[in-house]
There are 2 protein chains.
Amino acid sequence: MIDEPGGVIVALADPTRRQLLDLMAARGEVTATTLAEALPVSRQAVVKHLAVLDAAGLVSRSRAGREVRYAVRPEALNATARWMAGLATEWDRRLARIKRLAEEA
Amino acid sequence: MIDEPGGVIVALADPTRRQLLDLMAARGEVTATTLAEALPVSRQAVVKHLAVLDAAGLVSRSRAGREVRYAVRPEALNATARWMAGLATEWDRRLARIKRLAEEA
DNA sequence: CCAATGTGCAACTCTGAGGTTGCACACAAT
DNA sequence: ATTGTGTGCAACCTCAGAGTTGCACATTGG
């Protein structure tokens with residue numbers, strides 16, 4: 001109910017983070033520096049956003065020498081989509097029940 | 001890509017708004033004043049949240065005399081769930097394609 | 001070795017969202 | 001008519017988050 005799957009929604013609420021996800025989905029493994037070049041923000045801003053996305057499970061981090069490569073992880077997004085669909089279904093059930101009770105009276 | 005269905009994600013990102021949605025899903029049609037009594041925030045705060053939820057299409061407004069009744073609308077939630085699932089699928093496709101290209105080289 | 005490039009950490013600014021209070025207006029009820 | 005309850009509007013406050021800058025620390029390449 002109150003709980004939302006691991007901060008995914010909050011992570012997706014920011015437009016810059018959504019742009020980052022798009023870029024990563026298009027290019028595969030990329031570094032924060034590369035991503036920053038494609039956006040009108042600094043590298044540090046990108047790093048912070050990537051930390052949020054990582055904490056939400058939406059991206060994976062992997063070191064390769066001195067650089068850190070990031071890539072999207074569809075799993076967390078899929079799980080959240082299922083959670084959301086389930087919630088919508090529950091709302092439907094509850095509304096139907098309330099309507100039924102109203103008509104019985 | 002960048003676009004998110006009508007501000008639904010942003011609306012869901014706030015815990016107070018999620019609580020409001022839960023309450024409405026449980027009780028059916030309720031007023032802002034009633035909702036405020038169940039939460040540790042003022043009525044005005046609730047009204048602002050309901051305005052956001054309304055703009056996102058997550059709730060419906062209906063006047064009944066001097067009071068305004070709100071109720072959840074599962075449709076917008078469902079649409080966003082489908083959008084999100086589709087996005088996850090696209091990520092999967094792109095990642096598979098990138099992986100395939102890497103193996104061909 | 002030295003220069004170049006990518007990362008990590010910390011302090012700082014600043015805007016906007018969430019929240020509050022106060023008051024005026026509308027409708028109900030007795 | 002007047003008291004009570006619900007709503008609407010506006011000004012205000014506060015703080016987390018998005019962004020910046022500056023510098024120190026790794027790692028790679030000539």
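First the proteins, then the strands, lettered A, B, ... as listed; each starts at 1.
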Would you mind reading off the distance between [X] atom [atom1] and [N] atom [atom2], rounded to a whole angstrom?
X	N	atom1	atom2	result
A:Arg66	C:dT7	CZ	C1'	10 Å
B:His49	C:dG19	NE2	C1'	8 Å
B:Lys48	C:dT20	NZ	P	10 Å
B:Gln44	C:dC25	CD	C1'	13 Å
A:Arg63	C:dT7	CZ	P	8 Å
B:Leu35	C:dG19	CG	P	14 Å
B:Leu39	C:dG18	CG	P	14 Å

**OP:** Identify, between A:Ala45 and B:Arg43, the residue whose nearest nucleotide on DNA chain D lies closer to the 5' end.
**Re:** B:Arg43

Subject >> Pairwise 5' ranking along DNA chain D for A:Val41 and B:Ala32, keeping only the more 5' one >> reply: B:Ala32

**OP:** Find the distance between CG (A:Asp14) and NZ (A:Lys48) and round it off to the nearest 0.5 Å.
**Re:** 12.5 Å

Original post:
When you match B:Val10 and A:Glu67 each to their closest nucleotide on DNA chain C, which lands nearer the 5' end?
Top reply: A:Glu67

**OP:** Check the surroundings of atom CZ in A:Arg17: do more than 12 heavy atoms from other residues, nucleotides or ligands lie under 6.0 Å from it?
**Re:** yes

Subject >> Sugar-phosphate only, base, or nothing, as touched by A:Arg69 at under 4.0 Å among non-hydrogen atoms >> reply: nothing

**OP:** Indicate, with a heavy-atom threshold strictly under 4.0 Å, whether B:Thr33 touches base, sugar-phosphate, or nothing.
**Re:** sugar-phosphate

**OP:** Respond yes when some side-chain nitrogen or oxygen of B:Thr16 is under 4.0 Å from OP1 or OP2 of C:dG18, and no when none is.
**Re:** no

Considering all heavy atoms, the nearest [X]-[Y] contact:
X	Y	answer
A:Ala81	B:Ala85	CB-N, 3.7 Å
A:Pro74	B:Asp92	CG-OD1, 3.4 Å
B:Ala13	A:Ala13	CB-CB, 3.9 Å

Subject >> Contact interval (first through last nucleotide) of DNA chain D with protein chain A, 4.0 Å heavy-atom >> reply: D:dA18 to D:dT28

Original post:
Is a donor on one side and an acceptor on the other found under 3.5 Å between the side chain of A:Thr34 and the backbone of A:Val30?
Top reply: no

Original post:
Between the side chain of A:Arg18 and the main-chain N/O of A:Leu12, is any donor-acceptor distance below 3.5 Å?
Top reply: yes

